Q: 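So that we are looking at the same thing, I have put the structure below in structure tokens.
None of these values were measured; they are calculated from a predicted model.
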Amino acid sequence: MSAFAATASDRSGMRVLPDDPQYLADAAAEAAFWSAAPQGFGVESSEGAAASVQDFYTNERFTGDRRTTWFETIARRGTFRRGLALGTSGMMQDARILEGNPDLHMTFCDISEGALERWQRELGRRFPGRVTTQHADLNFVDLPSDAFDLIVSSSTIHHVTNLEHLAAQINGALTDDGTFYLQDYAGEARFRFSDEKKRTLEAAYREILTPGASGALTWSNQNGQYSPFCGVRSDETLAIMRDHLVETDLRTAAALLLPLLCAHPAEWSSGGLRRPPITSRIRHALHRRATILLRQPAPGIIPAANLEALMRLDAIVCDAGLLLPGNAFATYRKRR
């Protein structure tokens, strides 16, 4: 049994249990999904690519500097020695965290043994003696008390069902002066976007991105099945973390930009236009030169000014709390 595994006495209030047959089957599928090579929509798969317009926008929203990522701010906020990473989402960003904190030893905790093996092999080689891995299901994890002055989770907690249990565990595991950094999808559960969000994006598509277009979009992946647990309670994450820890900062972005990857013009469905392959669509969707492949058989160019206008609208929507954000970056301290 994993050193971080919960016992039967830890089950109160849990929405899923560690001995439920259906849950065990789903958990095995989740672990297998992330064990293989980097997945198309995961952070790891996009690392190393040239920074996109959305990257610059998200950086500015999260850190105030379009060229500074959220994880680069960790080294600026103090010296950390004992760290815990909940999930293995981006190897390059985890390497940057270790580089920026030379006295830091990190334990990486994940449901996927295959991903942990990759992290131990690559990061263990680059940072000898500073990397440990721990196989555990975050739905039932039992973390040691007052053990970590740094806890980090990126694009992982939106896969967790027992959020209340995990939030309590994080709070208990932080030292009195510790910090928890959370970067994650915080939008609608299973990517089932609200009608208000869809109408707003369709209006933005028609009036801002491609003036004169019909504005009708067809929505894909509305079952949210990128992986078995993807987005299971994503819309509740921030509120539950706030209930269990002290939120010291919250930055949000991509209420409208992220849904662009789950929509395409209705003309594609009716046969009026040829739909490009998904890999091509993603590659072009938020290109650093402000092009978006949305409505033309050949790459259609949306002027940079149009995309910048959409980003300004996105920022207003996020700041006003009118729609759920697509991404969030938050920091927390221990609630005593």
Q: Check the pair D249 / Y332 against side chain to side chain donor-acceptor pair (under 3.5 Å), numbers first and verdict last.
A: CA-CA 7 Å; D249 194 21; Y332 303 87; over 6 Å; no
Q: Say you draw a straight line from CG of L260 to CG of L310; how long is it, rounded to the nearest 0.5 Å?
A: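 Reported to 0.5 Å precision, the distance equals 6.0 Å.
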Q: Please report the closest heavy-atom contact between I111 and A27, naming both atoms and the distance.
A: CD1-O, 3.9 Å
Q: What closest approach, in Å, do H159 and S227 show between heavy atoms, and which atom pair accounts for it?
A: CD2-OG, 3.3 Å
Q: Please test Y185 against F191 for ring pair (Phe, Tyr, Trp, His ring centres under 6.0 Å), starting from the C-alpha separation and ending with a verdict.
A: CA-CA 10 Å; Y185 170 67; F191 297 87; 4.4 Å; yes
Q: Is the shortest heavy-atom distance from the side chain of H165 to the side chain of N139 under 4.5 Å?
A: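 They are not in contact (no side-chain heavy atoms under 4.5 Å apart), so the answer is no.
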Q: Is a salt bridge present between R233 and E164, judged by a nitrogen-to-oxygen distance below 4.0 Å?
A: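 A salt bridge links R233 with E164.
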Q: Do any N or O atoms from the side chain of K334 and from the backbone of T175 form a donor-acceptor pair under 3.5 angstrom?
A: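 No: the side chain of K334 does not pair with the backbone of T175.
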Q: Who passes ring-ring contact (aromatic ring centres under 6.0 Å, His included) against F329, sequence neighbours left out?
A: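 In terms of ring-ring contact (aromatic ring centres under 6.0 Å, His included), with neighbours along the sequence ignored, F329 is linked to F62, W70.
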Q: Once salt bridge (Lys or Arg N to Asp or Glu O under 4.0 Å) is applied, what residue pairs with a partner in residues 170-187 remain, sequence neighbours excluded?
A: D176-R336
Q: For the residue pair L143 and V141, what are the closest heavy atoms and their distance?
A: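 Closest approach of L143 to V141, heavy atoms only: CD2-CG2, 3.5 Å.
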Q: Which pair of non-hydrogen atoms, one from L258 and one from G326, has the smallest distance, and what is that distance?
A: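 It is CD1-O, 4.1 Å.
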Q: F229 vs Y23 aromatic rings, parallel, tilted or perpendicular, using cut-offs 30° and 60°?
A: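 Answer is parallel, since the angle falls under 30°.
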Q: Would you mind checking if R61 and D319 are paired as a salt bridge, meaning a charged N to carboxylate O distance below 4.0 Å?
A: yes
Q: Hey, could you give me the CD/CG distance between E113 and D110, rounded to the nearest 0.5 Å?
A: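 Those atoms lie 10.0 Å apart.
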Q: Which residue pairs pass the salt bridge (Lys or Arg N to Asp or Glu O under 4.0 Å) test with at least one member in residues 90-103, sequence neighbours excluded?
A: E72-R96, R81-D103, E99-R126
Q: Which heavy atom in G114 sits nearest to a heavy atom in S35, and how many Å separate them?
A: N-OG, 3.4 Å
Q: NE2 of H105 to CZ of R130: how many Å apart, nearest 0.5 Å?
A: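 Going from the NE2 atom of H105 to the CZ atom of R130 covers 9.0 Å.
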Q: Count I, L, V, M, F, W, Y as connected when their side-chain heavy atoms are under 4.5 Å apart, and connections chain through other members. Are L322 and L256 then in the same cluster?
A: yes
Q: Same cluster or not: L138 versus V232, using hydrophobic residues (I, L, V, M, F, W, Y) connected whenever any side-chain heavy atoms lie under 4.5 Å apart?
A: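 No, because L138 and V232 fall into different hydrophobic clusters, even though each may have its own neighbours under 4.5 Å.
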Q: Look only at the side chain of R251 and the backbone of A330, and say whether a donor-acceptor pair between them is shorter than 3.5 Å.
A: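 Between the backbone of A330 and the side chain of R251 there is no qualifying donor-acceptor contact (under 3.5 Å).
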Q: I74 and L123: same hydrophobic cluster, using ILVMFWY side-chain contacts below 4.5 Å?
A: yes
Q: D65 versus E60: any side-chain heavy-atom pair under 4.5 Å?
A: no
Q: Ignoring hydrogens, what is the shortest heavy-atom contact between S234 and A189? Give both atom names and the distance.
A: OG-CA, 3.4 Å
Q: Do the side chains of V131 and F108 get nearer than 4.5 Å, heavy atoms only?
A: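 In short, these two side chains touch, coming nearer than 4.5 Å.
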Q: With the 4.5 Å side-chain cut-off for hydrophobic clustering, are I170 and V246 part of the same group?
A: no
Q: Under a 3.5 Å cutoff, is there a donor and acceptor pairing between the side chains of N59 and T69?
A: no
Q: Linking I/L/V/M/F/W/Y whenever their side-chain heavy atoms sit closer than 4.5 Å, directly or via other members, would L324 and L201 fall into one cluster?
A: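 No.
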Q: Roughly how far, to the nearest 0.5 Å, is OG of S153 from NE2 of H158?
A: 9.5 Å
